[in-house]
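To keep things clear, I will list the structure first and then write my remarks on it.
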Amino acid sequence: MNGVVASSDPRAAAVGASVLRNGGNAVDAAVAAVLVLFVVEPHACGPGGDAFLLYAEPGQVPWALDGSGSVPAGLTQEALTADGLEWVPVRGGRSVTVPGAVALLEDALLRFGTRTFGELAGPAIDYARNGFAARRTLAQTAVRASAHVTKDPVLGPLYCPGGDPLRAGQRVVNPWLADTLELISNDGAAVLYRGPIADEIIRRVREDGGYLTLQDMSTHTTAQVEPVQTTFRGATVWELPEPTQGPAVLAALDLIEPRQTIRWEEVLEAIVAGLASAGIDLRAVPPSRVAPAGPRDTTYLAVVDSAGRGASMITSIFADFGSHIGIQSLGGAIQNRAATFMAMRRQPRPGKPPHTTIPGLVTRQGALEYVLGLAGGYVQAQVQVQLLIRLLAEGLDPQPAIDAPRMRMLFGGEIALEPGHPLAETYPEAVGREAGPEGFGAAQCVARRGSHLLGGADPRRDGAVALA
């Protein structure tokens, strides 16, 4: 076996597996798969979003790339007040931050890959130019967002053609995105940050009241950062530092680790405490103050190749179809990541906004053991802790660990449980409770045990595993 790819879409997983079969490594496969996701999951990701990567090679400390963009320098509390606003709006130009995903993909290939962007973009370009069938998740999101998407001159014709939201199975063609990916293939990621594409991004965002400038765009760089870690059940768990919620996962695991017997009531309290240490107090934030941004849309994929290299990659435009501003030269929506300031009751500040996205890795004695993560906004840290318990404490394989019933605490302190969770007897009223816009998340995981690889993908969003 040449490797395993676990993704939220079978087409992306298949493209990644093909790259592995043809001699590419884990990063090559991850980039090719993400480019396909840009096309077939445009409600969740795209060139207008951000991305993060954890990459592991045998016997080495994992590398971490932060591909999130900064808050526009002009997005200040004073600017919002002058515009008659208390908080960053949920949608529109004022919610936009610099998109960093494309720069990260290019930098990941330059640092760790063996293929070029152009060599890997072909399948994604083909899907965009010649069409693909909308899956259930895209169709449902088009229905949910149709009141806003229909009005946008770019997103409307693509995802609500003729004013009607896409149906599952309906064919989608996006020549704008095909052109964008071809341009990046030929001229590099810089075309998004300087020149005509950057000019159009800035013009559209500022027409909608946003603060983005050419200075904000042209100074963007991918940051190589030090991953953070802790030990749990004899393994080393790796996460990205802030602005992600990675530290919250580690803080929760540190509270659980000393306990010989894991009780789910204590796991829940550890998760709440871990998030509080990262500045997210679930009990103190009433639901009315959480930004009504709709479902947080993100894509996560896990790749392990035959040499034991692992790529844990996540990319997102935050809410469904991001800011609801479509940009033709991007081929889709630009993100609304600054809305996290409202959701977390924070005033905007310079630098990177808070991120919910947290790819994870697990090693044992220097060897890769698991690549894991999930989509799901503010549930990501909560579910990742549960997955790690299922894998490392209970010894489950990836698919049973992903399938196991989940719990979460909602903003305001209510608990939601999937049927069959061990806490159902303690909190019977929580079973079947509406779990918020992100639900219980959508996870992917690949395990490496010696030369044996196992993959798991979340049925909650029709995920898929492809073997190379």
Side-chain angles (χ1 to χ4, degrees), residues 1-7 11-39 45 47 51-67 100-127 181-192 221-225 227 238 240 299-315 359 361 363 366-371 373 444 446 448 451 453 455 465-468:
M1 185 186 298
N2 293 309
V4 175
V5 181
S7 170
R11 294 161 293 194
V15 166
S18 177
V19 170
L20 294 177
R21 282 193 297 272
N22 287 291
N25 69 12
V27 167
D28 299 326
V31 170
V34 163
L35 291 174
V36 172
L37 292 171
F38 280 4
V39 180
C45 62
F52 295 88
L53 169 69
L54 272 172
Y55 172 62
E57 288 191 351
Q60 299 190 42
V61 172
W63 284 270
L65 295 185
D66 177 343
V102 171
L104 179 136
L105 297 183
E106 182 179 76
D107 288 336
L109 291 175
L110 290 172
R111 296 175 191 226
F112 312 122
T114 67
R115 303 287 192 271
T116 67
F117 193 102
E119 290 174 311
L120 299 171
I125 292 170
D126 183 66
Y127 277 123
L181 295 177
E182 285 183 343
L183 188 60
I184 297 166
S185 297
N186 293 329
D187 298 337
V191 298
L192 259 69
T221 58
T222 303
Q224 182 170 330
V225 297
W238 301 88
L240 274 104
T299 56
Y300 171 80
L301 63 86
V303 185
V304 177
D305 63 26
S306 60
R309 294 176 291 249
S312 185
M313 185 176 286
I314 197 163
T315 181
L361 281 173
T363 61
L368 181 66
E369 188 163 276
Y370 296 102
V371 178
Q444 273 68 246
V446 178
R448 184 174 187 269
S451 60
L453 299 178
V465 173
L467 309 181

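Throughout, residue positions are numbered sequentially from 1 according to the sequence presented.
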Step by step, work out the side chain to side chain contact (heavy atoms under 4.5 Å, CB included) result for Val15 and Leu35.
CA-CA 10 Å; Val15 166; Leu35 291 174; over 6 Å; no
Heavy-atom closest pair, residues [X] and [Y]:
X	Y	answer
Pro359	Ser312	CB-OG, 3.2 Å
Arg11	Val36	C-CG1, 4.1 Å
Asn25	Phe112	ND2-O, 2.8 Å
Val39	Ala124	CG2-O, 3.4 Å
Ala56	Leu361	CB-CD1, 3.8 Å
Gly16	Val5	C-CG2, 3.7 Å

From [atom1] ([X]) to [atom2] ([Y]), nearest 0.5 Å:
X	Y	atom1	atom2	value
Thr221	Asp66	OG1	CG	9.5 Å
Thr222	Arg111	OG1	CZ	7.0 Å
Phe117	Asp107	CZ	CG	11.5 Å
Asn22	Glu119	CG	CD	11.5 Å
Leu110	Leu105	CG	CG	11.0 Å
Leu53	Leu104	CG	CG	6.0 Å

Backbone of Gly3 reached by a side-chain donor or acceptor of Arg21 within 3.5 Å:
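Here the side-chain-to-backbone pair does not exist.
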Name the atoms and distances for all side-chain donor-acceptor pairs under 3.5 Å in residues 57-65, with sequence neighbours left out.
residue: Glu57; atom: OE1; partner: Gln60; partner atom: NE2; Å: 3.3
residue: Glu57; atom: OE2; partner: Tyr55; partner atom: OH; Å: 2.8

Please list, chain by chain and in numerical order, all residues satisfying side-chain hydrogen bond (donor to acceptor under 3.5 Å, both in side chains) with [X], sequence neighbours excluded.
X	result
Thr114	Asp28
Tyr370	Arg449
Asp126	Asn130

Tell me, with the steps shown, if Leu54 and Leu240 meet side chain to side chain contact (heavy atoms under 4.5 Å, CB included).
CA-CA 7 Å; Leu54 272 172; Leu240 274 104; 3.6 Å; yes
Let me check something: any side-chain donor-acceptor pairs from residues 303-310 under 3.5 Å, sequence neighbours excluded? List them with distances.
residue: Asp305; atom: OD1; partner: Ala307; partner atom: N; Å: 3.1
residue: Asp305; atom: OD1; partner: Gly308; partner atom: N; Å: 3.3
residue: Asp305; atom: OD1; partner: Arg309; partner atom: N; Å: 2.9
residue: Asp305; atom: OD2; partner: Ala26; partner atom: N; Å: 3.0
residue: Asp305; atom: OD2; partner: Arg309; partner atom: NE; Å: 2.7
residue: Asp305; atom: OD2; partner: Arg309; partner atom: NH2; Å: 3.3

Test log, rule side chain to side chain contact (heavy atoms under 4.5 Å, CB included), inputs Gln444 and Leu301
CA-CA 6 Å; Gln444 273 68 246; Leu301 63 86; 5.7 Å; no
By ring pair (Phe, Tyr, Trp, His ring centres under 6.0 Å), which residues pair with Tyr300, not counting sequence neighbours?
none
List the steps, then state whether side chain to side chain contact (heavy atoms under 4.5 Å, CB included) holds for Thr116 with Leu109.
CA-CA 7 Å; Thr116 67; Leu109 291 175; 5.9 Å; no
Are any non-hydrogen side-chain atoms of Ser185 and Ile125 less than 4.5 angstrom apart?
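Heavy-atom side-chain distance check passes, below 4.5 Å.
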